[in-house]
Engineer: 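Sending over a structure as structure tokens; questions will come in a sec.
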Amino acid sequence: MVCNLNISRRKLLTFSSAAIAGLSVNQLLSKAYAQQVQNSTSFSLPMLDKAVVPDATHPIRLNFNENALGMSSLAKQAAIDAVWKANRYAKAEMPLLNKALAQYHQVSDTQILLTAGSSEGIRSTISAFVKPDAQLVIPELTYSDGEHFAKIFHLKITKVPCLTDWKIDINGLRKAVENYQGFSIVYLVNPNNPTSAVFGINEIESWIKSKPKNTIFIFDEAYAEFVNDPAFESADKFITQGYDNIVLLKTFSKIHAMAGLRVGYIVSTEENTKNIAQYVAGEKLNYCGVCAALSSLKDTQYLAYCKKVIDVSREIMEKVLSELGFHYLKSETNFMFHKTSIALNDYRELMKEKFILVGRDFSPATDWCRISLGTPEEMLYVAKVMRELRQKSMI
């Protein structure tokens, strides 16, 4: 399908989530794209026309939760300009990014620690709190890096079964800590990955504020900027209130579309960040990434635009999943988690034959598929393929 319909980015940003939810797929198509005008430079967002139909060399990548729109033009230009200075360390730029992030979270500069993406944040934080008797407490279905690093450090790993539809059992996590005599590292991904669901901050607030002995909470909020659910609230509220049992992990990989530049950061107390800093190679952060991150933070209109386009892509996917009778979880991220009607590996191969790459297995949810949200036109292509597969009784 070729689409030449455009709408101004400014107008797209005026659409409410409720308005988007009421649109038909054809209407969504007409409202999905914009021509961005920024600093007198314009460009068109990618569109699936005859020249760029996916093929084996250029498949639609919906398997790594990447931001298909890419960085803002300001961030791209900052990264390009930084290449010419990349023979130097980013010693002057890193403090500027540190300061900008501190202002954003309303904390002091000493409460921010830059990391090479959130993965380094997970590793270094777990490293900082390793003790002979420590356990990592996690839901049975969540992002795997916490467990991965815990195994490297030979920590006891306690997995708490999820509730219906993979909802995180906060009370179960709490009991796992209360029933353990040693130190507990509680790793929580909110919104969760791969389920794309959130838990309300009120569900865990009393537990955190009770300051349980020998317990540190790691909150991974990689996808927080995509959330629409009003029950969600960032854990940074506890840090600004002075609680010292919280470490918040953030990344520029998702809403900022900088997955390949590896920029992330930690927010916590000064004491915690000093402790964790011992395990972070902070001065070796990517120069181009630091400069791009500084510019991306300032481009708030583009970030809002990215979120709005993801809302549209999500609505397209929700419509086809509902139409075909697939059970799916309410998504608060740039990906969705739905049940498959056939074996996951067979489903994945069928999609791959149509040049669509979807997520890997996430045990124990072996009959569920994680599919990232691409551009609206990419999702329309996905919807078309799914309908065709259903017509052939293949899914």
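Predicted, not measured: the structure shown is a model, and the values here were computed from it.
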Engineer: Indicate yes or no: at least one non-hydrogen side-chain atom of Thr366 is less than 4.5 angstrom from one of Leu344.
Structural biologist: no
Engineer: So, taking the atom named OG1 in Thr125 and the one named CG in Asp220, what distance separates them when rounded to the nearest 0.5 Å?
Structural biologist: 9.5 Å
Engineer: Taking all heavy atoms of Val263 and all of Ala293, pick out the closest pair and write down the distance.
Structural biologist: CG1-CB, 4.2 Å
Engineer: Other than Tyr287, which residues form its hydrophobic cluster under the rule that side-chain heavy atoms must be closer than 4.5 Å?
Structural biologist: none
Engineer: When rounded to the nearest 0.5 angstrom, what is the spacing between CD1 in Ile310 and CG in Asn228?
Structural biologist: 11.0 Å
Engineer: With the side chain counted from C-beta on, respond yes when Val186 and Thr215 share a heavy-atom pair under 4.5 Å apart, and no when they do not.
Structural biologist: yes
Engineer: May I ask you to check whether over 12 heavy atoms, not counting those of Lys151, lie within 6.0 Å of atom NZ?
Structural biologist: no
Engineer: Please name all residues satisfying ring pair (Phe, Tyr, Trp, His ring centres under 6.0 Å) with Phe355, sequence neighbours left out, ordered by chain then number.
Structural biologist: none
Engineer: Salt-bridged, Glu388 to Lys384, with N to O below 4.0 Å?
Structural biologist: yes
Engineer: Kindly indicate whether the side chain of Phe326, heavy atoms from C-beta on, has any atom under 4.5 Å from the side chain of Ser341.
Structural biologist: yes
Engineer: Closest heavy-atom contact between Val309 and Pro376?
Structural biologist: CG1-CD, 3.4 Å
Engineer: Pair up each side-chain donor or acceptor in residues 358-365 with any protein partner under 3.5 Å, not counting sequence neighbours, and list the distances.
Structural biologist:
residue	atom	partner	partner atom	Å
Asp361	OD1	Arg348	NH1	2.9
Asp361	OD1	Arg348	NH2	2.8

Engineer: With a 4.5 Å limit on heavy-atom distance, are the side chains of Ile356 and Pro54 in contact?
Structural biologist: no
Engineer: My understanding is that only residues two or more places apart in sequence, or in another chain, count here; which of them pass salt bridge (Lys or Arg N to Asp or Glu O under 4.0 Å) with Lys254?
Structural biologist: none
Engineer: Test Phe232 against Glu221 for side-chain contact (heavy atoms from CB on, under 4.5 Å), laying out the working first.
Structural biologist: CA-CA 11 Å; Phe232 174 83; Glu221 295 183 2; 4.2 Å; yes
Engineer: Return yes if a side-chain donor-acceptor contact under 3.5 Å exists between Thr340 and Asp367, otherwise no.
Structural biologist: no
Engineer: Going by the side-chain contact (heavy atoms from CB on, under 4.5 Å) test, name the single residue among Ile216, Ile266, Leu113 that passes it with Asn272.
Structural biologist: Ile216
Engineer: Is the number of heavy atoms from other residues, nucleotides or ligands under 6.0 Å of Lys209 NZ greater than 12?
Structural biologist: yes
Engineer: Any chance NZ of Lys237 has more than 12 other-residue heavy atoms, nucleotides or ligands included, within less than 6.0 Å?
Structural biologist: yes
Engineer: Evaluate the side-chain contact (heavy atoms from CB on, under 4.5 Å) criterion for residues Val267 and Ile112: first the C-alpha distance (whole Å), next the side-chain angles of each, then the deciding distance (0.1 Å), finally the verdict.
Structural biologist: CA-CA 5 Å; Val267 189; Ile112 299 290; 3.7 Å; yes
Engineer: Tell me the closest heavy-atom pair linking Ile168 and Val189, and the distance in Å.
Structural biologist: CD1-O, 4.2 Å
Engineer: Once rounded to the nearest 0.5 Å, what's the spacing between atom NZ of Lys213 and atom OG of Ser184?
Structural biologist: 12.5 Å
Engineer: Let me see the working for Thr195 and Trp368 under side-chain contact (heavy atoms from CB on, under 4.5 Å), right down to the final yes or no.
Structural biologist: CA-CA 9 Å; Thr195 68; Trp368 289 72; over 6 Å; no
Engineer: Got more than 12 heavy atoms from elsewhere within 6.0 Å of CD, Gln181?
Structural biologist: no
Engineer: Look at atom CD of Gln106 and say whether more than 12 heavy atoms of other residues, nucleotides or ligands are closer to it than 6.0 Å.
Structural biologist: no
Engineer: Starting from Leu285, can I reach Ile80 by hopping between I/L/V/M/F/W/Y residues whose side chains sit under 4.5 Å apart?
Structural biologist: no
Engineer: For residues 162-179, pull every pair meeting salt bridge (Lys or Arg N to Asp or Glu O under 4.0 Å), keeping only residues two or more places apart or in separate chains.
Structural biologist: Lys167-Glu203, Arg174-Glu178
Engineer: Consider only side-chain N and O atoms of Asn275 and Glu271, and report whether a donor and an acceptor are under 3.5 Å apart.
Structural biologist: no
Engineer: Check for me, please, whether Leu389 and Met379 land in the same ILVMFWY cluster - side-chain distances under 4.5 Å, paths through other members count.
Structural biologist: yes
Engineer: Minimum heavy-atom separation for Ala79 and Ala292, please, with both atom names.
Structural biologist: CB-CB, 4.1 Å
Engineer: Do Tyr328 and Ser322 have a side chain donor and acceptor closer than 3.5 Å?
Structural biologist: yes
Engineer: Whether the side chain of Asn192 engages the backbone of Ala197 through a donor-acceptor N/O pair (distance < 3.5 Å, no angle test) should be reported.
Structural biologist: no
Engineer: List in chain and number order the residues that pass side-chain contact (heavy atoms from CB on, under 4.5 Å) with Asp145, two or more places apart in sequence or in another chain; answer none if no residue qualifies.
Structural biologist: Ser119, Ile122, Tyr143, Phe149
Engineer: Knowing that exactly one of Met258, Arg262, Met71 qualifies, which makes a side-chain contact (heavy atoms from CB on, under 4.5 Å) with Phe252?
Structural biologist: Met258
Engineer: Taking ring pair (Phe, Tyr, Trp, His ring centres under 6.0 Å) as the test, write out the residues that go with Phe219, two or more places apart.
Structural biologist: none
Engineer: According to salt bridge (Lys or Arg N to Asp or Glu O under 4.0 Å), does anything in residues 92-105 pair up with another residue at least two apart or in another chain? List the pairs.
Structural biologist: none
Engineer: So His338 and Tyr347, would you call those rings parallel, tilted or perpendicular, with 30° and 60° as cut-offs?
Structural biologist: perpendicular
Engineer: Measuring from atom CE of Met386 to atom CG of Leu321, what distance do you get when rounded to the nearest 0.5 angstrom?
Structural biologist: 5.0 Å
Engineer: Please list every donor-acceptor pair under 3.5 Å in which a side-chain atom of residues 126-134 meets a protein atom from a residue at least two apart or in another chain.
Structural biologist:
residue	atom	partner	partner atom	Å
Ser127	OG	Arg123	O	2.7

Engineer: Less than 4.5 Å apart, any side-chain heavy atom of Glu225 and any of Leu303?
Structural biologist: no
Engineer: Can you find a heavy atom in the side chain of Tyr279 that is under 4.5 Å from one in the side chain of Glu120?
Structural biologist: no
Engineer: Got a sec, which pairs hit side chain to side chain donor-acceptor pair (under 3.5 Å) with one end in residues 152-164, sequence neighbours left out?
Structural biologist: Gln135-Thr158, Glu147-Lys159
Engineer: Are Leu357 and Leu350 linked, directly or through intermediate hydrophobic residues, by side-chain heavy-atom contacts shorter than 4.5 Å (ILVMFWY only)?
Structural biologist: no
Engineer: Are Ile157 and Leu141 in one and the same hydrophobic cluster, where Ile, Leu, Val, Met, Phe, Trp and Tyr link if side-chain heavy atoms are under 4.5 Å apart?
Structural biologist: no
Engineer: Measure the CD1-OG1 distance between Ile316 and Thr375 for me, rounded to the nearest 0.5 Å.
Structural biologist: 8.5 Å
Engineer: Quick check for you: to the nearest 0.5 Å, what is the distance between Ile204 atom CD1 and Leu188 atom CG?
Structural biologist: 4.5 Å
Engineer: Quiz question: by atom type and distance under 3.5 Å, do the side chains of Tyr223 and Asn334 form a donor-acceptor pair?
Structural biologist: no
Engineer: Is there a donor-acceptor pair closer than 3.5 Å between any side-chain N or O of Gln111 and the backbone N or O of Ser268?
Structural biologist: yes
Engineer: Can you sort out the partners of His105 under ring pair (Phe, Tyr, Trp, His ring centres under 6.0 Å), two or more places apart, ordered by chain and number?
Structural biologist: Tyr265
Engineer: With a 4.5 Å cut-off on side-chain heavy-atom distances among I, L, V, M, F, W and Y, is there a chain of contacts connecting Ile170 to Leu329?
Structural biologist: no
Engineer: Is any side-chain heavy atom of Val382 closer than 4.5 Å to one of Met351?
Structural biologist: yes
Engineer: Could you check if a side-chain atom of Leu97 sits within less than 4.5 angstrom of a side-chain atom of Leu101, using non-hydrogen atoms only?
Structural biologist: yes
Engineer: Take atom CZ of Arg61 as the centre, draw a 6.0 Å sphere, and report whether it contains more than 12 heavy atoms from other residues, nucleotides or ligands.
Structural biologist: no
Engineer: Which pairs with one or both residues in residues 193-215 pass ring pair (Phe, Tyr, Trp, His ring centres under 6.0 Å), sequence neighbours excluded?
Structural biologist: Trp207-Phe217
